[in-house]
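Below: one structure, written as structure tokens.
Note that this is a predicted model, so its numbers are computed, not measured. Whatever order the structure lists ligands and atoms in, that order sets their numbers, starting from 1.
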Amino acid sequence: MNIIIKDIEHEVLQGMIIPVYEDQTHIIEQVELIKKGDVFSGKEGECLYYTTPEMKYMILVGLGKYEALKLEGLKNTIAKGAKKAKELKLKTYGVSVMDAAHICTGGICKAMVQALKLSIYSFDKYKAGEENKAYDPTVYLLNVPVEKVDKLEKRLEITNHIIEGVIEARNLVNEPANVIYPESLAERVQVLGTENGFEVEIFDETQIQDLGMKAFYEVGKGSARLPRLIVMRYMGDPTNETILGLVGKGLTFDTGGYSLKPAASMDTMKSDMAGAAAVIGTMCAVAKNKLKSNVVAVVAACENAISGISYKPGDIIGSMAGKTIEVLNTDAEGRLTLIDAVTYIIRKEKATSVVDVATLTGAALVALGTTTTAVISNDDAFYNELMEGAAKTGEKFWRLPAYDDYKKLIKSEIADLKNLGGRNAGTITAGLFIGEFVEDKPWLHLDIAGTSWAESSLNEYSGKGATGVPVTTLYNMIEKKKPCHH
Ligand code: BES
Ligand code: ZN
Ligand code: ZN
């Protein structure tokens with residue numbers, strides 16, 4: 001979708017999306033007449049279209065009350081219109097930019113662009129047939145005050161790059177495990193590094209062992225798809241010594257290993273690299289927008305599969321940090337790969353703070369459902385930075401307690417730690433297991449098991465499948481400068 005800020009002649013357009021407030025008085029005559037009936041009144045969620053004598057499609061979408069409109073409502077409203085336009089196969093249409101009580105013009109345009117682009121996303125490249133050919137319309141943002149156009153065009157470009165990061169993350173997750181496996185993921189990241197402007201280094205299975213990443217290697221060694229350590233570096237502020245470390249769980253498939261998953265729990269496990277996809281998407285957006293920040297991202301990519309040499313329940317394994325681990329369940333593999341990635345990013349890449357993003361526990365779904373990402377942290381200020389970054393997006397996070405009592409649950413009698421904390425507090429014990437390796441660095445653990453994959457759409461602008469969570473929040477956290485509230 002190509003979005004242009006321009007008051008183009010209406011003859012060129014096949015249609016228009018017109019957002020209408022419930023309490024709006026000055027509207028085009030046609031709309032006023034329609035509002036007098038009882039089919040469309042401008043309430044949030046309403047959508048109605050009609051055709052003009054010139055055969056143009058006018059898509060009316062309800063914004064609700066002027067005073068009550070918030071960013072989320074606006075995004076949902078515009079997304080509804082965009083999906084209608086897609087259904088009507090409009091190739092060129094306009095969206096009239098209105099004003100709002102609590103959102104500036106820049107914020108409105110940004111929200112509109114996000115909603116327009118993300119709502120028409122679908123992963124259908126493997127489907128045959130004309131009707132599934134990529135839908136790629138040209139959309140004009142109309143009625144933008146002339147004096148604002150230049151500034152908004154710059155913001156449009158920045159927003160586009162963020163959205164491309166989200167879409168890259170969604171695509172990587174939606175691709176099946178026979179397409180995206182450690183080696184092919186590494187190759188893809190190499191291409192993305194060149195395209196977006198970050199450095200990429202790949203370590204193969206021998207180099208992973210040479211680095212001493214014993215826990216990571218144990219998880220991946222049973223698969224014919226060999227593990228890869230993927231390192232991405234972006235130094236946008238070389239005089240600054242702080243380096244944010246992003247670690248993404250990169251299980252390109254999780255069968256559970258010998259602690260095998262039942263079939264029904266396994267069928268979405270191509271998405272067990274959604275943490276990796278999120279940090280990769282974030283790196284793309286950060287580098288493309290040339291943010292003044294230093295960010296390093298690490299993905300310990302591997303497949304949790306069964307073979308004669310796969311690791312087994314009861315095994316005692318090592319780790320890069322030197323601690324030993326009793327493996328009580330081979331399906332609790334994510335934390336084993338993550339601890340070595342965390343040790344690596346702190347010791348080798350000199351990260352001064354760490355965010356790990358992982359589809360780590362089914363318990364996160366049980367605790368918080370599919371809307372809210374579970375957070376564990378050792379640092380209040382760092383957690384607040386996350387929440388500030390999230391506030392401007394529709395992404396939701398909630399911190400779970402991390403009292404020392406929980407740490408007893410992951411102590412082993414025969415090794416330093418065990419990879420299973422028992423039935424209770426599964427998301428907390430999994431997070432704290434990783435916390436044992438953060439060496440007192442400010443740290444955030446984001447368990448996206450519930451939020452990275454949607455069985456049904458959560459809102460109007462994210463469909464089924466991969467959501468791209470939490471790329472936008474991470475980006476906002478990294479982009480420290482805040483020109484306005486949106
Ligand atoms: N990848 C799964 C977690 C998961 C579950 C992600 C559902 C997305 C949706 C993880 O590796 C796993 O299997 N965790 C186990 C941990 C348990 C054995 C302690 C789980 O959640 O059951
Ligand atoms: Zn697992
Ligand atoms: Zn897993």
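- Asn76 and Asn459 form no side-chain donor-acceptor contact under 3.5 Å, judged by distance and modelled atom types alone.
- The single protein non-hydrogen atom nearest to atom 2 (C) of ligand 1 is Asp254 OD2, 3.7 Å, given as residue, atom name and distance.
- With Ser259 contributing its side chain and Thr330 its backbone, the two residues share a donor-acceptor pair below 3.5 Å.
- The residue Arg423 has no part lying near ligand 1, judged by heavy-atom distances below 4.0 Å.
- The count of protein N, O or S atoms under 2.8 Å from the Zn ion (ligand 2) stands at 4, with waters excluded from the count.
- Relative to atom 1 (N) of ligand 1, the option among Thr337, Asp272, Thr429, Leu336 with the closest non-hydrogen atom is Asp272.
- Counting only heavy atoms of the protein, atom 16 (C) of ligand 1 lies nearest to Arg335 NH2, 3.9 Å.
- In summary, the atoms of ligand 1 found under 4.0 Å from a heavy atom of Lys249, numbered by their order in the structure, are 1 (N), 10 (C), 11 (O).
- In this structure, the side chain of Asn174 does not engage the main chain of Asn171 through any donor-acceptor pair within 3.5 Å.
- Taking a 4.0 Å cut-off on heavy atoms, Met273 fails to register as neighbouring ligand 1.
- Residue-to-ligand polar distances place Gly362 within reach of ligand 1: an N/O pair is separated by less than 3.5 Å.
- Counting heavy atoms only, Leu360 comes closest to atom 3 (C) of ligand 1 of the residues Leu360, Asn329, Asp331.
- The shortest heavy-atom contact between Leu69 and Leu63 is CD1-O, 3.5 Å.
- Between the side chain of Thr427 and the backbone N or O of Ala364 there is at least one donor-acceptor pair closer than 3.5 Å.
- With Arg170 contributing its side chain and Thr467 its backbone, the two residues share a donor-acceptor pair below 3.5 Å.
- In this structure, the protein non-hydrogen atom closest to atom 17 (C) of ligand 1 is Leu420 CD1, 4.1 Å.
- Protein non-hydrogen atoms do not reach within 4.0 Å of atom 22 (O) of ligand 1.
- Residue Lys249: an N/O/S atom is found under 2.8 Å from the Zn ion (ligand 3).
- In terms of protein heavy-atom proximity, atom 7 (C) of ligand 1 is closest to Met269 CE, 3.8 Å.
- Applying side-chain contact (heavy atoms from CB on, under 4.5 Å) to Val298 and the options Asp356, Val342, Ile345 leaves one that passes, Ile345.
- Across every non-hydrogen atom of Ala301 and Ile230, the tightest pair is CB-CD1, 4.2 Å.
- Of the charged side-chain nitrogens involved, none lies within less than 4.0 Å of a carboxylate oxygen, so that Glu436 and Arg335 do not count as a salt-bridged pair.
- Heavy-atom proximity to Glu333, at under 4.0 Å, picks out these atoms of ligand 1: 11 (O).
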Worked verdict on Asn240 versus Lys292 for side chain to side chain donor-acceptor pair (under 3.5 Å): CA-CA 9 Å; Asn240 192 323; Lys292 197 171 182 311; over 6 Å; no

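- In terms of modelled atom types and a separation under 3.5 Å, the side chain of Tyr258 and the main chain of Ser307 share a donor-acceptor contact.
- Listed by number with element, the atoms of ligand 1 under 4.0 angstrom from any heavy atom of Lys261 are 2 (C), 12 (C), 13 (O).
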For Thr352 and Thr242: C-alpha separation, side-chain torsions, deciding distance, then whether side chain to side chain donor-acceptor pair (under 3.5 Å) applies. CA-CA 6 Å; Thr352 51; Thr242 63; 4.9 Å; no

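- A donor-acceptor pair is defined here as one N or O able to donate and one able to accept, closer than 3.5 Å; no such pair exists between the side chain of Ser293 and the backbone of Gly236.
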